[in-house]
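This one's a predicted model, so the numbers in the text were calculated from it and none came from an experiment. Reckoned from all heavy atoms, side chains included, excluding hydrogens, waters and symmetry mates.
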Amino acid sequence: MSTLDLCMDATGVAVLRVAIYCRVSTDEQAEGTSLDEQEAAGHGWIAAQAGRAVLHGVYRDDYTGTTDERPDWLRLLADVRAGLVDVIVFTKWDRWARDEFVGQKMRRDIAPHRVRPVCLTLDLDADTPEGDLMIGQMIGFAAYDKRNIVRRCAEGHHAAAALGYWPGGSARFGYRIEGGKRARVCVPDFREDGRGEADIMRRGWHLIVKERASYPQACAALAAEGFTRRNGKPWTPELLRNVLTAPTITGRFVWGGGHDATGKWGPPKTLRYEPILTDDEHAAVVAAAGRTYKPGKKRFYLLGGRFVANCGYRYQGVYRRDRDRRQYKCADKSWRVNVVERCDCARLDAPATEARVWQAVTEFLSDSERMLRMAGDYVGLRDAQVGVERDELADVRRHAATLQRAITTTLVEYARQGIDPAATANATRALQDELNATREREAAILAWQADSAAEAARVQTISAIATGARERLHNMTDQERGDVLRLLDITVTALDNNKTPALRIDGRLAWLDLHSTLAGNVGGDDLWTGS
């Protein structure tokens, strides 16, 4: 029995809904296998059925066959699962898949829906052991052919690199590719108008080395002169530094030696092209990069993400290497492209500011009686509320049960009397709407109770901290202090623009607003003025 026969009904009348599936990937396009040719072959198969088949849709993937995560295949699979397709037509098994596991998985995905794949060059009956075996073999041959294509491409790239030609891919910034398909080379992108990529690199080098500009200043100058990256976006200090200090700017390229290279097809190849910078010029810009940027160890900032400047921006932790000093700097003072005016917020000494905030928090948390009283008041308040919610929950559930019985009784009675289903639906609609609203109320009460339990547990946790606060707070590590601030949800705001500004400290304990207990104006030596 053929695949076509299996897709026809018992009367022999054709009811086939056909999906034409076409696929091609970049490396296969060179072989002359186009999507249009595949689609035309699919239309020809439908025409040959003499009216026994109709087109459901055409699905075209410009994607690798080593995965089934292809956009149009996923769209086709959704139509298959919706029962809209009877037959999938494609030209060859290597259009179906280029990997054994993927090809068999695609077959398993459509099998439960009794959709038949029809290969135009070799249509096999999967319902016979011989046909199923041959389909597996054909998918295996397609995968083998794919691996051969990869090997031939890799060997061709390595051979081109061995001859000094550019193997493939886009050129590095500052260079452009010239030459024929098999004899391409990279040349510096200098232009008569001075706007080439190599001209940009020379200008960046002059700003950093000759004018001794910082990288943010160099980026600002390039933006002002209209020099951008290849994608049209402005330069950032990190990108400009990486491009200027890379060995490729001296004409030295290493192909096939990346971090993910396996060496399977040969060792890395070193290519030499005309340089944009000489070796001495490159050494000078590398030295300048060391002068302006030296990554240091990561330092802890207690108020990181919790400290707001007087201007409204957040303070960021910065380290002054020349003075060995941790500081907080307003984010609005940081360099940004095309931003000239920035705020004048003073830099703050990080250890002194953190000490002021921590002392205020310590004084509050060390008052055990106050903390326990707050916890007790809150838990007692929640106990009363939970009792009310528990009673309301029982009433809501009883009402829901009553409504459900009424709906069931109505349905049974109307069915017994043979009343039209539309009339039955109208009769129960109001009851069903009220039942849905009752169910929503029940869910809301359950959510409140869950929140109440979580908040009560949080209060008890803070109460436990208060019990041993006097002994532990002064000896906590930086990480432990950060955990305390996170637990209290502390935020700090500078109230003026001084090197030792007045501070407002805000926090939140469960449902209680701590502005009157954990908040106050802190200025000078007055570290805690909250009531």
Review point. Given the rule in the side-chain contact (heavy atoms from CB on, under 4.5 Å) test, do L222 and L207 qualify, once you have shown the distances and angles that lead to the verdict?
Key: CA-CA 9 Å; L222 291 175; L207 288 168; 4.2 Å; yes
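- Residues R70 and M106 have side chains in contact (heavy-atom distance under 4.5 Å, counting atoms from C-beta outward).
- Aromatic rings from Y59 and W73 are positioned such that their centres are separated by 6.0 Å or more.
- Annotation for Y165 and V185: closest pair CD2-CG1, 4.0 Å, computed over non-hydrogen atoms.
- The ring pair (Phe, Tyr, Trp, His ring centres under 6.0 Å) check on F173 picks up W235, with sequence neighbours excluded.
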Practice item. Let me see the working for V24 and D62 under side-chain contact (heavy atoms from CB on, under 4.5 Å), right down to the final yes or no. Key: CA-CA 5 Å; V24 70; D62 185 0; 4.2 Å; yes
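- When only modelled atom types and interatomic distance are considered, Y21 and D72 share no side-chain donor-acceptor pair under 3.5 Å.
- Judged purely by atom type and a 3.5 angstrom limit, R314 uses its side chain to pair as donor or acceptor with the backbone of G305.
- By the ring pair (Phe, Tyr, Trp, His ring centres under 6.0 Å) test, F227 pairs with no residue at all, sequence neighbours left out.
- Among residues two or more places apart in sequence or in another chain, the side-chain contact (heavy atoms from CB on, under 4.5 Å) test is passed with R176 by E178, V187, D189.
- Between the CD1 atom in I88 and the CD1 atom in I110 there is a gap of 4.5 Å [rounded to 0.5 Å].
- Not one N or O on the side chain of R52 forms a donor-acceptor pair closer than 3.5 Å with the backbone of L16.
- Under 4.0 Å is where a charged nitrogen must lie from a carboxylate oxygen, and between D109 and K105 at least one such pair does.
- Pairing each heavy atom of R229 with each of T236, the nearest pair is NH1-CG2, 4.4 Å.
- Between the side chain of E442 and the main chain of T438, no donor-acceptor pair closer than 3.5 Å is present.
- Of the possible donor and acceptor atoms, one in the side chain of W96 sits under 3.5 Å from a partner among the backbone N and O of G103.
- Atom CZ in R17 sits 13.0 Å away from atom CD1 in I46 (nearest 0.5 Å).
- Here the side chain of D193 pairs a donor or acceptor atom with the backbone of R195 at under 3.5 angstrom.
- W45 and A53 get closest at one heavy-atom pair: CZ3-CB, 4.5 Å.
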Exercise for review: Show the numbers, then the answer: is there a salt bridge (charged side-chain N to carboxylate O under 4.0 Å, His left out) between E100 and R147?
Suggested key: CA-CA 12 Å; E100 300 96 323; R147 288 190 283 269; 3.2 Å; yes
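- How far CG of L35 is from CZ of R95: 9.0 Å, rounded to the nearest 0.5 Å.
- Using a 4.5 Å heavy-atom threshold, the side chains of V102 and T66 count as separate.
- Under the 3.5 Å distance criterion, the side-chain polar atoms of T250 are left unmatched by any main-chain donor or acceptor of L277.
- Interatomic distance, CZ of R405 versus OG1 of T402, reported as 4.5 Å (0.5 Å rounding).
- In this structure, N242 has no side-chain contact (heavy atoms from CB on, under 4.5 Å) partners at least two apart in sequence or on a different chain.
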**Study point:** Stepwise side-chain contact (heavy atoms from CB on, under 4.5 Å) test for T270 and R252
**Key:** CA-CA 7 Å; T270 300; R252 294 182 178 89; 5.6 Å; no
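- Panel note: side chain D199, backbone R191; a donor-acceptor pair is recorded below 3.5 Å.
- A distance of 6.0 Å separates CG in L124 from CE in M134, rounded to the nearest 0.5 Å.
- When every heavy atom of G174 is checked against every heavy atom of A198, the shortest pair comes out as O-CB, 3.6 Å.
- For the pair V118 and F90, the minimum side-chain heavy-atom distance is 4.5 Å or more.
- Atom CG of D332 is separated from atom CD of Q316 by 10.0 Å, given to the nearest 0.5 angstrom.
- No donor-acceptor pair closer than 3.5 Å links the side chain of R172 to the backbone N or O of I249.
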Exercise for review: Evaluate the side-chain contact (heavy atoms from CB on, under 4.5 Å) criterion for residues M138 and I135: first the C-alpha distance (whole Å), next the side-chain angles of each, then the deciding distance (0.1 Å), finally the verdict.
Suggested key: CA-CA 5 Å; M138 295 309 298; I135 290 175; 5.7 Å; no
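- Cation-pi geometry between R241 and Y215 is met: the NZ or CZ atom falls under 6.0 Å from the ring centre, inside 45° of the normal.
- Contact annotation: the side chain of T248 never approaches that of Y273 to less than 4.5 Å [non-hydrogen atoms, C-beta and beyond].
- Two residues are said to be in side-chain contact when any heavy atoms from C-beta on lie closer than 4.5 Å; R98 and D94 meet this criterion.
- Put simply, the side chain of E69 reaches to within 4.5 Å of the side chain of L74, judged on heavy atoms.
- Of the N and O atoms on the side chains of N436 and Q432, at least one donor lies less than 3.5 Å from an acceptor on the other residue.
- For A218 against A213, the heavy-atom pair with the smallest separation is N-CB, 4.3 Å.
- Under the rule for a salt bridge (Lys or Arg N to Asp or Glu O under 4.0 Å), the partners of D132 that lie at least two apart in sequence or sit in another chain are R107.
- In this structure, M201 and V243 have side chains that are in contact, with non-hydrogen atoms separated by less than 4.5 Å.
- Residues R60 and Q38 form no side-chain contact, since every pair of their non-hydrogen atoms from C-beta on lies 4.5 Å or further apart.
- Between R439 and Q404, the shortest heavy-atom contact is NH2-OE1, 4.5 Å.
- For the side-chain contact (heavy atoms from CB on, under 4.5 Å) test, residues two or more places apart in sequence or in another chain that qualify with T278 are D280, E281.
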